[in-house]
Colleague: 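What follows is a single structure, and I will ask about it in a moment.
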Amino acid sequence: MAREFTVIIEQDEDGTYVAQCPTLPGCISQGKTREEALENVRDAIAGYLASLKKHNEPIPPSIEEEVVEVRA
């Protein structure tokens, strides 16, 4: 069964891309490119979910995301 997770990607001061999944606390990975970071965080999410299943723990509910406009 496939599930979708929101992933946040940021580039740090060294140029490394850091990807994290806010729904799964501590589920963070990185890569030299945006694509590599996405591939790595997919693997991290899969491992996280496998650990939850192994320990009979539920998958946390999804975090909803909205974009808001703010006048500056």
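Keep in mind that the numbers below use all heavy atoms, side chains included, and drop hydrogens, waters and symmetry copies.
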Colleague: Do L24 and V18 sit in the same hydrophobic cluster, where Ile, Leu, Val, Met, Phe, Trp and Tyr count as joined when their side-chain heavy atoms come under 4.5 Å apart?
Modeller: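 Per the 4.5 Å side-chain linkage, L24 and V18 are not co-clustered.
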
Colleague: Tabulate below the donor-acceptor pairs under 3.5 Å that side-chain atoms of residues 32-40 make, not counting sequence neighbours, or state none.
Modeller:
{"unit_1": "T33", "atom_1": "OG1", "unit_2": "E36", "atom_2": "N", "d": "3.0"}
{"unit_1": "E36", "atom_1": "OE1", "unit_2": "K32", "atom_2": "N", "d": "2.6"}
{"unit_1": "N40", "atom_1": "ND2", "unit_2": "Q30", "atom_2": "O", "d": "2.6"}
{"unit_1": "N40", "atom_1": "ND2", "unit_2": "E36", "atom_2": "O", "d": "3.3"}

Colleague: Could you go through residues 55-72 and list every donor-acceptor pair under 3.5 Å that involves a side-chain atom there, pairing it with any protein atom two or more places apart or in another chain?
Modeller:
{"unit_1": "H55", "atom_1": "ND1", "unit_2": "S51", "atom_2": "O", "d": "2.8"}

Colleague: How long is the gap from CD1 on I45 to CD on Q20, to the nearest 0.5 Å?
Modeller: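 Going from the CD1 atom of I45 to the CD atom of Q20 covers 11.0 Å.
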
Colleague: Which heavy atom of G31 sits nearest to which heavy atom of T16, and what is that distance?
Modeller: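 Heavy atoms of G31 and T16 come nearest at O-CG2, 3.5 Å.
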
Colleague: Looking only at atom types and distance, does a side-chain atom of D12 sit under 3.5 Å from a main-chain N or O of D14, one as donor and one as acceptor?
Modeller: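 Flag set: sc D12 to bb D14 pair under 3.5 Å.
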
